[in-house]
Amino acid sequence: MSNGENFGPAVPDLTPSGTRLPRLWLLRHGETEWSREGNYTGLTDIPLTADGEGQARAAEKKIGPVTFDRVLTSPLIRARRTAELVGYPDAEVVPHAHEWDYGDNEGRNSRQVRAENPGYLIWKDGVPNGETLAQVAERADRIISSVQAGCGTAMDRDPGATPVEKVLLVAHGHFLRILAVRWLGLAPEMGRHFALSTAAVCVLGWDKHTPAVVGWNL
């Protein structure tokens, strides 16, 4: 993927205002010590590792020379630092773009949880004393509605807004997987089928006026 400007139909689908329907680039933050170990990392504010910083720098080439209308980031340092390393030190901090609050599972990995609860799956069992999947999905919907404002789509909650065409969001693994399936109009638990590596780039867009995944885990 050398040029992110190429993502989208040859004949663009348009909003009621005559602009292209918006595309949303997703970037997961680079590696942290906990992500390397497979630990649930929700609101714990830990930095990138040296390898994670290298991953973030490499992600800039994956994105390509796109001119974004908006660049958004989670408030957590691992996301803000990733945004900085791909060239957006002044990205707009979105408080509700943080990772899933894992409650009592924070800092643990799924093997530890399954040792106590065989068959555990976060997508169906949730987390004790943390956010519900529905609560995470509601936060994701708020971002989608903001990106699609003024576009006349099903997720447009502000039809009088001026549409944007290209947005980048730097955030977290589970949150971005949930956001992607909500973009598609699917139930949030379907995010289990969308694996996402650290510092991976994705693009959400359209097939005609149907929301679609244009690129994933790049």
Side-chain angles (χ1 to χ4, degrees), residues 1-28 59-75 79 82-83 86-98 134-172 174-191 193-194 196 200-218:
M1 181 178 67
S2 61
N3 187 342
E5 296 282 3
N6 294 330
F7 279 103
V11 179
D13 299 304
L14 304 179
T15 71
S17 298
T19 62
R20 291 174 63 123
L21 283 171
R23 288 165 289 163
L24 176 59
W25 277 250
L26 308 177
L27 172 59
R28 184 184 174 191
E60 182 179 6
K61 293 181 180 179
K62 297 180 188 178
I63 295 170
V66 184
T67 301
F68 291 109
D69 299 301
R70 298 176 68 190
V71 178
L72 315 175
T73 181
S74 156
T82 298
V86 295
Y88 301 100
D90 299 319
E92 176 185 346
V93 176
V94 180
H96 51 277
H98 62 78
Q135 287 173 323
V136 183
E138 191 279 331
R139 292 194 286 109
D141 284 357
R142 289 172 63 187
I143 292 174
I144 295 169
S145 295
S146 175
V147 171
Q148 297 185 17
C151 295
T153 60
M155 295 292 285
D156 177 6
R157 298 175 184 171
D158 186 6
T162 300
V164 295
E165 295 187 17
K166 293 172 231 175
V167 179
L168 170 65
L169 170 63
V170 186
H172 310 273
H174 273 135
F175 184 70
L176 292 177
R177 293 165 71 179
I178 293 165
L179 186 147
V181 297
R182 294 301 300 143
W183 180 278
L184 300 176
L186 302 176
E189 58 265 27
M190 296 300 290
H193 299 292
F194 288 75
L196 188 58
V201 175
C202 309
V203 187
L204 304 178
W206 308 86
D207 178 16
K208 305 304 181 186
H209 279 261
T210 299
V213 174
V214 182
W216 188 260
N217 207 32
L218 304 171

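Minimum interatomic distance between N217 and A200 (heavy atoms only, all atoms of both residues): OD1-CB, 3.2 Å. Smallest separation of non-hydrogen atoms from C151 and P22: SG-CD, 3.4 Å. Residues T15 and P163 approach most closely at OG1-CG, 4.0 Å, considering heavy atoms. Annotation for P75 and V94: closest pair CD-O, 3.2 Å, computed over non-hydrogen atoms.
A distance-only check finds no donor-acceptor pair linking the side chain of D207 to the backbone of A212 [under 3.5 Å]. Counting only distance, with no hydrogens or angles, the side chain of D158 and the backbone of A149 share no donor-acceptor pair below 3.5 Å. Of the possible polar contacts, none joining the T73 side chain to the V93 backbone as a donor-acceptor pair under 3.5 Å is found. Side-chain atoms of R177 come within 3.5 Å of backbone N or O of F194 as a donor-acceptor pair. Side chain of R139 to main chain of H98: a donor-acceptor pair is present (N/O by atom type, distance under 3.5 Å, no hydrogens or angles). A donor-acceptor pair is defined here as one N or O able to donate and one able to accept, closer than 3.5 Å; no such pair exists between the side chain of K208 and the backbone of D13.
L72 CG to L24 CG: the interatomic distance, rounded to the nearest 0.5 Å, is 7.5 Å. Interatomic distance, L169 CG to E92 CD, rounded to the nearest 0.5 Å: 10.5 Å. Annotation: the span from L27 atom CG to H172 atom NE2 amounts to 11.0 Å, rounded to 0.5 Å.
Defined by atom type and a distance below 3.5 Å, a donor-acceptor pair is missing between the side-chain atoms of E165 and T19. Inspection of the T82 and R28 side chains reveals no N or O donor paired with an N or O acceptor under 3.5 Å.
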Exercise for the section: Begin with the C-alpha distance, continue with both residues' side-chain angles, and end with the deciding distance and a verdict on salt bridge (charged side-chain N to carboxylate O under 4.0 Å, His left out) for D141 and R182. Expected result: CA-CA 7 Å; D141 284 357; R182 294 301 300 143; 2.9 Å; yes
Problem - I143 vs H96, side-chain contact (heavy atoms from CB on, under 4.5 Å): CA-CA, chis, key distance, verdict - result: CA-CA 8 Å; I143 292 174; H96 51 277; 3.8 Å; yes
Practice task
Run the numbers on C202 and V213 for side-chain contact (heavy atoms from CB on, under 4.5 Å), then give the verdict.
Solution key: CA-CA 8 Å; C202 309; V213 174; over 6 Å; no
Practice task
Could you go through the side-chain contact (heavy atoms from CB on, under 4.5 Å) check for S146 and R70 one step at a time?
Solution key: CA-CA 11 Å; S146 175; R70 298 176 68 190; 2.8 Å; yes
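Shown are Y88, W216, F68; of these, the ring-ring contact (aromatic ring centres under 6.0 Å, His included) with W25 is made only by F68.
In this pair, W183 and W206 present their aromatic rings tilted. The plane angle is within the 30 to 60° band.
Inter-residue side-chain proximity for L21 and T153 is flagged as met; some heavy-atom pair is nearer than 4.5 Å. The shortest distance between side-chain heavy atoms of L179 and L204 falls below 4.5 Å.
A salt bridge does not link D69 to K166: none of the charged nitrogens lies less than 4.0 Å from a carboxylate oxygen.
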